[in-house]
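This report concerns only the one structure given below.
What's counted below: heavy atoms across the whole structure, side chains too, no hydrogens, waters or symmetry copies. Below, chain A is the first sequence line, B the second, and so on; all start at residue 1. Note that this is a predicted model, so its numbers are computed, not measured.
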Amino acid sequence: MTRKRERLEVIKDVLESVRANRKIKPTRLLYASNLSPQMFKEYISELIEKEFIKLEIDDDKKSAKQEKRFFVLTKKGFEFLQEYKIIEGFVQNFGL
Amino acid sequence: MIELLLENKELIKIIYALAIMFICAFIVLKTDRLFQLSLHRGIRYFRNAFFFYGVGFFIRYILSPYLPNYFFIFSLFEFFLVTAGFFLLYSLLWKNFEDPNKKSTSSLFNPKIFIFYLMSAVIVLLDYFWQTYYFLFLSQIIIFLIVGAISYSKYLQDKVKHKFMKQYSFAMMLSLSAWVLNALASFWFSWNLLAIIIVYLLNIIIFLLFLYGVLKFTRQR
């Protein structure tokens with residue numbers, strides 16, 4: 001049985017997906033995050049609120065059918081990923 | 001030697017309090033960034049514990065000359081000390097009572113934490129009305145016995161065997177010993193100076209162990 005991911009781990013996974021793709025469409029991020037649409041929505045609002053990611057609109061897209069919105073990682077998001085190991089180590093070593 | 005210690009009793013108390021307050025402030029400030037980035041509730045309760053210890057020591061040893069009466073000061077000190085112990089305990093147990101995937105609410109003003117405030121207030125009132133320290137010592141001995149047992153069982157269950165977890169449970173056992181010695185000094189040795197100095201030293205070692213852990217695991221790689 002697979003272990004349920006903790007909140008911090010989910011955030012790390014979502015941010016890593018954004019970083020790996022440089023910019024990623026919401027639908028692709030939903031699949032990559034492995035979350036239910038409802039949970040995805042909640043996490044994304046939180047990440048935008050915390051300024052870890054931001055939504056960018058690409059005006060170059062020719063057809064209206066093509067998705068114009070992308071998520072990109074912010075400086076704060078990069079910092080979180082860099083410090084994730086430290087946070088994880090701290091939490092595990094203190095049993096928190 | 002004993003005479004020298006007796007002559008400088010007040011100075012020793014102030015140095016001791018300043019050392020503990022400095023360590024607590026350092027722990028709270030050093031973990032701020034980790035908390036701000038992660039909003040991890042365990043880190044928050046852990047920080048609250050040291051914030052309460054720091055405030056308690058500040059009231060008892062630094063602010064006391066400016067406050068009206070001894071029992072009022074000691075009651076405030078006791079309240080912060082007992083609540084800090086509860087926060088330390090809850091930092092290890094919070095996942096059993098809260099959903100880690102839900103967004104957190106205030107860590108100081110929520111119904112679960114009010115139970116701690118209420119329990120601390122009851123302990124303080126019992127000691128106040130009986131004019132004793134019995135309930136403070138008893139509560140702290142029980143808390144650190146539980147915290148020690150939980151942290152050690154977490155270490156045993158930990159598959160990666162994080163080394164510091166063992167040191168953490170050792171620090172909790174030291175805290176337990178310090179509280180037992182404190183109780184003995186109070187009830188059997190009528191506040192024997194040597195026993196009190198051993199308690200001070202033990203407490204400084206315990207807080208330094210926490211500080212060592214915080215510095216070790218907040219260092220940038």
Where is the tightest heavy-atom contact between [X] and [Y], given as atom of each residue plus distance?
X	Y	result
W94(B)	L96(A)	NE1-C, 3.7 Å
R219(B)	I86(A)	O-CD1, 3.5 Å
G95(A)	L92(B)	O-CD2, 3.5 Å
N93(A)	K163(B)	OD1-N, 4.3 Å

Fill in the blank from the handout: So, the part of F52(A) with a heavy atom under 4.5 Å from chain B: the answer is side chain
Practice task
Answer with side chain, backbone, both or neither: which region of K50(A) has an atom nearer than 4.5 Å to a non-hydrogen atom of chain B?
Solution key: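 K50(A) touches chain B through side-chain heavy atoms alone.
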Handout entry: Contacts of K41(A) that satisfy side-chain contact (heavy atoms from CB on, under 4.5 Å) - sequence neighbours left out
Key =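 Partners of K41(A) under the side-chain contact (heavy atoms from CB on, under 4.5 Å) test: none.
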Practice task
Only counting residues at least two apart or in another chain, list the ones meeting side-chain contact (heavy atoms from CB on, under 4.5 Å) with L209(B).
Solution key: F170(B), A171(B), L174(B)
[X] atom [atom1], over 12 foreign heavy atoms within 6.0 Å:
X	atom1	answer
F114(B)	CZ	yes
F77(B)	CZ	yes
F187(B)	CZ	yes
Y128(B)	OH	no
K76(A)	NZ	yes
E51(A)	CD	no
F40(A)	CZ	yes

Checking heavy atoms, do the side chain of [X], its backbone, both or neither come under 4.5 Å from chain A?
X	result
K95(B)	side chain
S151(B)	neither
T31(B)	side chain

Practice task
Take I43(B) and I87(A) through the test side chain to side chain contact (heavy atoms under 4.5 Å, CB included) and record every step on the way to the result.
Solution key: CA-CA 9 Å; I43(B) 299 178; I87(A) 297 168; 4.3 Å; yes
Problem - Residue from Y45(B), F164(B), Y155(B), F50(B) passing ring pair (Phe, Tyr, Trp, His ring centres under 6.0 Å) with F94(A) - result: F164(B)
Handout entry: Atom pair CG/OH of L34(B) and Y84(A) - distance to nearest 0.5 Å
Key =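 Separation between the atoms: 13.0 Å.
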Exercise for the section: Flag the one option from H40(B), Q36(B), Q167(B) with the top tally of heavy-atom pairs under 4.5 Å to chain A. Expected result: H40(B)
Exercise for the section: Step by step, work out the side chain to side chain contact (heavy atoms under 4.5 Å, CB included) result for L39(B) and R7(A). Expected result: CA-CA 10 Å; L39(B) 294 183; R7(A) 203 185 132 273; 4.2 Å; yes
